[in-house]
Amino acid sequence: MSIELVSATKCFDGWQKRFQHSSEILSCKMRFAIFLPPQPEGVMQRLPVLYWLSGLTCNEENFIHKAGAQRMAAELGIVIVAVDTSPRGEGVADDPEYDLGQGAGFYLNATQQPWLQHYQMYDYVLWELPQIIEHHFPVNARRGLAGHSMGGHGALVLGLRNADRYQSISAFSPICNPMACPWGEKAFSAYLGTNKASWREYDASALLQRTDKVLPILISQGEEDAFLEPQLRLQALQAAATIKGHPLIMERHAGYDHSYHFIATFIEQHLRFHADYLLKH
């Protein structure tokens, strides 16, 4: 569980840091970013963690530089861990297109070659990375999930399948029904093969239809998002929530697109939403 410091910057009296480590699950070196809020001198309280999952083409740096989350995280006392979007490095399978391979791990466990050896992002985010965070940093076992686009898909899937490990979920512009959108069909065919029964395990709309456990979910969607149709398919998730009576908050915002400008505008709302559940004792 050793980690290597890559960078450290003081921010709102806390610390924005990046680390590198060797992942056993992914069989490569990985990086993550962590914001550690300030604590009173002489006090080392264990704080809850919000895991942020980014979208296609991103890495662990996009969120920490563009979302502007640190001020509110410092005020609330929430640690934020930003995860890379895929395994990386020499020998890791890749594709020339942006929506498959490195930068496009889709937060699933691949079962097909040449992806099988490294592309186990679901297990990495669910098990390995939290073990590292909880070993090295002053955090407790209260966890939330948030993400954007492909990362919103990952947050929903991980949360819906593991409601006992998380307290809350939020997403910006998530891919809600990947079984039925071009991004998802391409990635699932490559990573999981042609058996569509396995696809359902990574489709938030399908998962919500069959879950009996309730986690609070907040979704923000810009109405000028160029990917709203056909990629995101929020209506499928909304329909599933209605059928199940799941308390899903889905907000649409006129004029906003798919960019980090949208995320920066509403990140405070999302952090306060998570705080309602992460800071309860």
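Ring centroids of F137 and F19 are separated by less than 6.0 Å, placing the two rings close together. Aromatic ring centres of Y256 and H261: separated by at least 6.0 Å. Side-chain rings of Y119 and Y191 approach one another, their centers coming within less than 6.0 Å.
A side-chain donor-acceptor contact under 3.5 Å links Q16 to the backbone of I34. Although no hydrogens or angles enter the test, the distance criterion places no donor-acceptor pair under 3.5 Å between the side chain of R46 and the main chain of N140. Counting only distance, with no hydrogens or angles, the side chain of Q231 and the backbone of W183 share a donor-acceptor pair below 3.5 Å. The main-chain N or O of M179 is found under 3.5 Å from a side-chain atom of D203 such that the two form a donor-acceptor pair. In terms of modelled atom types and a separation under 3.5 Å, the side chain of N162 and the main chain of G159 share no donor-acceptor contact. A donor-acceptor pair under 3.5 Å links the side-chain atoms of Q167 to the main chain of R143, judged by distance alone. For the pair K244 (side chain) and T211 (backbone), a donor-acceptor distance under 3.5 Å is present. With hydrogens and angles disregarded, a donor-acceptor distance shorter than 3.5 Å links the side chain of S205 to the backbone of L237. For S86 (side chain) and G103 (main-chain N/O), a donor-acceptor pair under 3.5 Å exists by modelled atom type. Not a single donor-acceptor pair under 3.5 Å links the side chain of R233 to the backbone N or O of C176.
Among the candidates F227, F106, F172, the single residue satisfying the ring pair (Phe, Tyr, Trp, His ring centres under 6.0 Å) test with H153 is F106.
In this structure, F32 and V83 have side chains that are not in contact, with every pair of non-hydrogen atoms separated by 4.5 Å or more. Counting heavy atoms from C-beta outward, W15 and T9 have side chains that stay 4.5 Å or more apart.
Residues satisfying the side-chain contact (heavy atoms from CB on, under 4.5 Å) test with S23, not counting sequence neighbours, are H21, I25, L26, M30, Y124, E128.
Residues R88 and D94 are not paired through a salt bridge, judged by the lack of any N-O separation under 4.0 Å between the basic side chain and the carboxylate. Salt bridge K196/E185: absent, no basic N to carboxylate O contact under 4.0 Å. Taking a cutoff of 4.0 Å between a charged side-chain nitrogen and a carboxylate oxygen, E61 and K17 do not qualify as a salt bridge.
Both tests pass for R161 against the ring of Y202: distance under 6.0 Å to the centre and angle within 45° of the axis.
Atom CD of Q113 has more than 12 neighbouring heavy atoms from other residues, nucleotides or ligands inside a 6.0 Å radius.
Side-chain polar atoms of H274 and S168 form a donor-acceptor pair below 3.5 angstrom. No side-chain donor from either of H148 and S173 sits under 3.5 Å from a side-chain acceptor of the other.
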inquiry  = salt bridge (Lys or Arg N to Asp or Glu O under 4.0 Å), that's the test. Do R18 and E4 meet it? Break it down for me.
reply    = CA-CA 9 Å; R18 293 170 58 236; E4 175 188 350; over 6 Å; no
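Interatomic distance, CZ of R252 versus CG of D225, reported as 10.0 Å (0.5 Å rounding).
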